[in-house]
Amino acid sequence: MKKFINKVDDVLVESLSGFALAHSDLVSLNLDPNFITRKQKATNKVAIISGGGSGHEPLHAGYIGYGMLDAACPGHVFTSPTPDQMLAAAEAVHAEKGILFIIKNYAGDVMNFEMAAEILPFESATVLTSDDCAVVNSTYTTGRRGVAGTVIVEKCVGSLAETGADLQACKTLGDKVNQRTSSIGVALTSCTVPAAGRPTFDISENELEMGVGIHGEPGRRRETMREADAIVQDMVQAILEDFAAKNLATPNTEALLLVNGLGATPLMELYLIYNAAARLFSEHGIKITRSLVGNYTTALDMAGTSLTLCLLDDEIKQHWDSPVHAAALRWGM
Amino acid sequence: MKKFINKVDDVLVESLSGFALAHSDLVSLNLDPNFITRKQKATNKVAIISGGGSGHEPLHAGYIGYGMLDAACPGHVFTSPTPDQMLAAAEAVHAEKGILFIIKNYAGDVMNFEMAAEILPFESATVLTSDDCAVVNSTYTTGRRGVAGTVIVEKCVGSLAETGADLQACKTLGDKVNQRTSSIGVALTSCTVPAAGRPTFDISENELEMGVGIHGEPGRRRETMREADAIVQDMVQAILEDFAAKNLATPNTEALLLVNGLGATPLMELYLIYNAAARLFSEHGIKITRSLVGNYTTALDMAGTSLTLCLLDDEIKQHWDSPVHAAALRWGM
Amino acid sequence: MNSSFIVTATTAIQNTILQHESELESLDRAIGDGDHYINMKRGAQTIVEMQQELATLAPDVALNKIGMKLLSTIGGASGPLLASFFMGMAKIIKEKGDTSTATYASAFSAGVDTIRQRGKADIGEKTMLDVLIPVATQFTAMAAQNASPKEISTALKKTAEQGMLSTKDLIATKGRAAGLGERAIGHIDPGAKSCQLMIEAVCNLIE
Amino acid sequence: MNSSFIVTATTAIQNTILQHESELESLDRAIGDGDHYINMKRGAQTIVEMQQELATLAPDVALNKIGMKLLSTIGGASGPLLASFFMGMAKIIKEKGDTSTATYASAFSAGVDTIRQRGKADIGEKTMLDVLIPVATQFTAMAAQNASPKEISTALKKTAEQGMLSTKDLIATKGRAAGLGERAIGHIDPGAKSCQLMIEAVCNLIE
Ligand SMILES: Nc1ncnc2c1ncn2[C@@H]1O[C@H](COP(=O)(O)OP(=O)(O)O)[C@@H](O)[C@H]1O
Ligand SMILES: Nc1ncnc2c1ncn2[C@@H]1O[C@H](COP(=O)(O)OP(=O)(O)O)[C@@H](O)[C@H]1O
Ligand SMILES: [Mg+2]
Ligand SMILES: [Mg+2]
Ligand SMILES: [Mg+2]
Ligand SMILES: [Mg+2]
């Protein structure tokens with residue numbers, strides 16, 4: 001393992017400190033329990049809190065700021081944060097209209113946030129993101145993971161919350177965006193958790209993992225490495241089938257296409273993937289009118305990518321386009 | 001070599017096409033000769049054109065847009081673009097006040113742009129960036145490379161050009177920013193040029209290359225891998241010595257710190273590096289008041305980082321802070 | 001069970017976790033995200049650091065404290081589940097107020113039930129419950145039959161082992177491995193393994 | 001030299017470049033950025049594709065066309081330098097208008113001078129000029145002494161080889177290797193190597 005780190009146990013705190021320092025105009029960091037909030041506490045709005053294991057940067061702390069999150073609770077690398085973090089964060093950002101938790105659907109995250117919510121002295125609601133369509137033949141929503149689509153949910157719900165909308169309205173929009181969003185990832189290499197010191201999985205020079213999770217969880221299948229177009233074709237197919245299974249018609253719809261890097265994939269390749277994916281989706285009658293290409297939900301140092309398609313409607317479009325000012329997403333201000 | 005590509009010869013055009021498609025609100029792409037311009041041609045201003053070998057994305061095309069570049073000429077991977085590209089780009093974006101070329105100081109780039117400038121039917125000037133202080137004991141400026149500091153030069157000059165400043169003023173500011181900027185890079189792994197199909201250099205699991213170039217050129221020395229703090233300490237030292245050699249006093253100055261990822265380094269590590277670097281610089285009396293952390297000038301899939309320090313003055317600060325709207329840098333609008 | 005037993009048990013648990021580092025790591029690497037060992041190590045470490053304080057507390061208070069501490073230390077899926085176990089157990093011991101084997105058996109069962117509720121899972125889903133549920137059932141039955149501590153511990157170790165091994169051939173329907181379908185087959189569930197190890201370590205103290 | 005010789009030479013040059021792929025690649029990987037072979041291959045390929053057209057042109061026009069095409073095809077440092085060479089050469093051939101060996105020698109020298117001006121470099125800086133300058137000097141001298149084409153080509157191959165080898169012990173002061181200081185010692189300059197190969201290939205046609 002070759003990483004820019006000092007002691008393995010200090011990675012998280014040192015990285016969080018660097019983040020807070022680099023963005024001291026935007027955020028404040030609290031250590032022990034660890035949580036990050038907006039520098040300027042918002043007032044009279046639903047407070048949006050997200051969180052999860054670390055190692056997916058810029059998720060979630062990079063999305064704290066006007067128009068998006070109020071706070072984020074970073075766990076250890078790939079490990080859900082704990083209820084005390086969520087309670088302290090909620091205490092810090094609560095602004096009279098309740099707390100909305102946006103949680104990626106993993107058993108650990110769900111249970112920890114649930115336990116926090118149960119003892120929270122404020123009204124709260126939860127949006128569970130579950131956009132990863134890698135997992136097929138499973139009737140258990142527990143098996144469906146939240147991945148890069150979470151960024152779109154956080155952006156849209158964050159936008160709505162700024163308007164003063166109430167908790168239920170924020171939750172409803174979040175659930176809708178999640179429902180209309182589907183993702184799939186592919187890995188060329190494993191990631192290496194600092195504390196583990198070696199790659200999470202072995203993968204040879206001519207293999208890829210189709211449907212990989214953002215923690216290096218195995219996906220649909222191990223496949224032979226092939227041309228980008230062929231890989232992207234399968235990913236697009238998986239997403240289209242997922243929308244069909246959800247009974248969401250895709251032809252003649254507008255969509256947002258997010259081509260996400262998992263950490264070690266060069267932007268040059270991400271744009272090449274975007275080129276292939278956008279063409280394939282449009283061949284299926286989908287009009288890509290919004291795009292995002294870059295490292296938005298990573299898996300440490302994994303070489304890989306994920307595609308996320310979000311079917312737009314006027315409401316989602318409006319909230320996607322509205323101003324945002326976070327460390328990792330900024331426009332309109 | 002495991003990359004998301006199709007035919008090696010098509011990588012560049014497919015990637016450029018994806019970029020242009022994903023940012024079709026911002027840029028237009030011309031193929032053969034290859035160049036990218038702003039979607040909305042600017043009027044009555046100095047046109048800022050940059051370019052260089054591809055593989056450093058988002059440099060340069062990602063910086064096209066209001067407040068920064070007017071056009072970029074991408075060469076083959078790690079290979080300077082050719083004069084026909086520059087001439088065509090200049091023709092497309094010239095806006096009555098001449099052309100300013102911003103060029104990273106490599107023999108190939110310098111000569112190709114020079115040949116273009118010689119036959120250009122417009123007035124032109126050139127800013128050569130040479131912020132890489134890795135190369136010591138060299139009295140030849142030819143040996144001093146332009147690296148991530150180029151982003152800062154492009155941002156500031158781009159800002160000034162929007163005000164209607166003339167060619168000479170733009171060049172003067174560019175030269176000043178370059179002079180006040182110093183960078184150094186370090187690699188943990190090599191990059192792999194797609195057409196070469198294998199890593200540019202060999203480096204073992206316990207080594208690092210101190211002072212690496214953004215094309216994988218060897219740096220100051222091969223060293224034993226060690227803790228991030230120790231690596232950053234040496235990088236900071238090199239930068240401080242460079243400013244001393246340039247007779248630029250650093251104590252009690254304000255500065256911009258750019259922690260740049262070379263392509264495969266996770267954001268988590270970049271923030272950890274930022275934390276260490278910011279602390280060390282401030283111990284030397286430098287006040288870091290502006291920051292940028294992320295992949296801004298990459299070397300394909302290299303795991304590594306570079307530090308860039310730019311000594312601010314009121315003029316540079318003003319132009320750094322001014323609105324910019326490019327694919328890879330956006331604020332204030 | 002008194003507090004000094006709890007203290008001894010925390011050391012035994014830490015030891016067995018540390019001794020099985022590579023096994024626990026490989027299991028979670030194969031069908032999870034590779035952090036289960038790290039999570040368990042972190043949890044055990046924190047509890048061992050509390051030993052001085054734990055020794056001064058009543059058993060139910062100590063167990064509850066352990067649960068609270070695990071909750072804010074482990075994270076992941078195993079954190080709230082193990083925390084639930086200790087808090088569920090503490091509640092029964094406090095209620096019953098005695099130190100009979102039957103009380104411990106019903107406390108253990110209550111702990112397992114709390115996990116079940118928290119995780120909305122049951123036996124056969126390839127989780128730690130495949131170890132814990134059979135052990136709880138047998139513990140309760142043997143306590144009712146007035147079996148000796150020694151007999152009980154010998155039997156529970158075996159049951160735990162069987163439960164752990166049973167996860168090997170299961171498809172996971174809860175937890176991180178739930179996405180794997182057929183690919184999970186052939187791998188033992190990491191949480192099941194660590195629970196089996198902890199049960200074994202504690203049973204070994206009762207000889 | 002007529003245009004059919006030029007056409008033959010382009011094929012010979014392409015062949016030698018392709019045959020030395022791994023050597024050229026390793027050299028630029030060691031002290032450059034690893035693309036010199038790719039650049040040269042791309043250049044040679046494009047020129048070979050122009051053969052039909054080149055065959056119909058006067059030598060000076062053909063050489064100038066080659067220069068222009070290389071300029072817009074190769075890029076990097078070698079692109080404008082090699083382009084300058086052909087354009088500089090074309091100019092003299094056009095001016096002199098004859099096909100004497102002396103004219104070719106002075107055209108070659110003019111080509112090398114154009115490289116020198118473009119690259120602001122000279123002999124001893126660990127570049128292609130360490131091959132080209134000695135070859136130009138000798139070519140001119142031998143042409144003045146009315147040496148036979150065969151004698152000249154044999155001598156130039158040897159000089160090119162010596163020049164190429166001489167770069168091994170030099171510190172680079174121009175080009176991408178200029179940053180390496182002592183670390184460049186022990187490595188042959190890739191541009192010197194490809195120039196030596198091209199000179200050898202063309203000389204081999206003159207027997
Ligand atoms: N819903 C659940 N009910 C019971 N046990 C579960 C549940 N979900 C996960 N587990 C257990 O948790 C273990 C994984 O723990 P750990 O690796 O520490 O957390 P994470 O899966 O969040 O990385 C699994 O092996 C399984 O035994
Ligand atoms: N200023 C110069 N004058 C003469 N030759 C040069 C100069 N700079 C570089 N070269 C030659 O160019 C070669 C490198 O070419 P190439 O690898 O194609 O371009 P780049 O260095 O831009 O990647 C060097 O080996 C050297 O011989
Ligand atoms: Mg985990
Ligand atoms: Mg090059
Ligand atoms: Mg795990
Ligand atoms: Mg080169």
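Every chain is numbered from 1, with letters handed out A, B, ... down the list of sequences. Computed from a predicted model, the values in this text were never measured in an experiment.
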Do any side-chain atoms of residues 164-172 of chain C form donor-acceptor pairs under 3.5 angstrom with protein atoms, and if so which ones, sequence neighbours left out?
residue, atom, partner, partner atom, Å
C/Ser166, OG, C/Gly163, O, 2.6
C/Thr167, OG1, C/Met164, O, 2.7
C/Thr167, OG1, C/Asp189, N, 3.1

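Counting all heavy atoms, side chain and backbone alike, A/Arg198 lies closest to C/Ser26 at NH2-OG, 4.4 Å. Residues C/Arg176 and A/Phe78 approach most closely at NH2-O, 4.1 Å, considering heavy atoms. Smallest separation of non-hydrogen atoms from A/Ala107 and C/Gly175: CB-CA, 4.1 Å. Pairing each heavy atom of A/Thr82 with each of C/Thr73, the nearest pair is CG2-N, 4.0 Å. Closest of all the heavy-atom pairs between A/Met111 and C/Pro80 is CB-CG, 3.7 Å.
For residues 45-55 of chain C, heavy-atom neighbours of chain A at less than 4.5 Å comprise no residues at all.
Within the 4.5 Å cutoff, the side chain of A/Pro199 has no heavy atoms near those of the C/Arg29 side chain. Proximity of C/Asn39 to A/His76: side-chain heavy atoms (C-beta onward) are nowhere separated by under 4.5 Å.
C/Ser78 does not touch chain A: none of its heavy atoms, backbone or side chain, sits under 4.5 Å away. Contacts between A/Asp84 and chain C at a heavy-atom distance below 4.5 Å involve the side chain alone, from C-beta outward. With a threshold of 4.5 angstrom between heavy atoms, C/Ala83 does not approach chain A through any atom at all. Looking at C/Leu71, the atoms closer than 4.5 Å to chain A (heavy atoms on both sides) sit in the backbone and in the side chain alike. At a 4.5 Å heavy-atom cutoff, A/Pro33 makes no contact with chain C through either its backbone or its side chain. Heavy atoms closer than 4.5 Å to chain A are found in both the backbone and the side chain of C/Arg118.
Here C/Ser72 is the residue among C/Ala177, C/Ala121, C/Ala77, C/Ser72 with the most heavy-atom pairs under 4.5 Å with chain A. By number of non-hydrogen pairs under 4.5 angstrom with chain C, the leading residue of A/Ser80, A/Gly53, A/Gly219, A/Gly75 is A/Ser80. Interface check for chain C: of the options A/Val193, A/Asp202, A/Asn112, A/Val77, the most heavy-atom pairs under 4.5 Å are formed by A/Asn112.
A salt bridge is absent between C/Glu182 and A/Arg221: the closest approach of a Lys/Arg side-chain nitrogen to an acidic carboxylate oxygen does not fall below 4.0 angstrom. Using a 4.0 Å cut-off between a side-chain N of Lys or Arg and a carboxylate O of Asp or Glu, A/Glu114 and C/Lys120 qualify as a salt bridge.
For A/Arg220 (side chain) and C/Leu180 (main-chain N/O), no donor-acceptor pair under 3.5 Å exists by modelled atom type. Checking side-chain atoms of A/Asp109 against main-chain N and O of C/Gly76 turns up no donor-acceptor pair under 3.5 Å.
Counting heavy atoms of neighbouring residues, nucleotides and ligands inside a 6.0 Å radius, atom NZ of A/Lys246 exceeds 12 of them. Remark: A/Met1 CE is packed, more than 12 non-hydrogen atoms of other residues, nucleotides or ligands lying under 6.0 Å away. C/Lys65 NZ: 12 or fewer foreign heavy atoms inside a 6.0 Å radius. Within 6.0 Å of the NZ atom in A/Lys2, the count of heavy atoms belonging to other residues, nucleotides or ligands exceeds 12. Applying the 6.0 Å contact sphere to NZ of C/Lys94 captures no more than 12 heavy atoms from other residues, nucleotides or ligands.
For A/Tyr296, there are no ring-ring contact (aromatic ring centres under 6.0 Å, His included) partners, not counting sequence neighbours. Residues satisfying the ring-ring contact (aromatic ring centres under 6.0 Å, His included) test with C/Phe139, not counting sequence neighbours, are C/Phe108.
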side-chain contact (heavy atoms from CB on, under 4.5 Å) assessment of C/Arg42 paired with A/Thr79: CA-CA 12 Å; C/Arg42 186 170 58 244; A/Thr79 300; 3.7 Å; yes
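Rounding to the nearest 0.5 Å gives a distance of 4.0 Å between CE of A/Met115 and CE of C/Met87.
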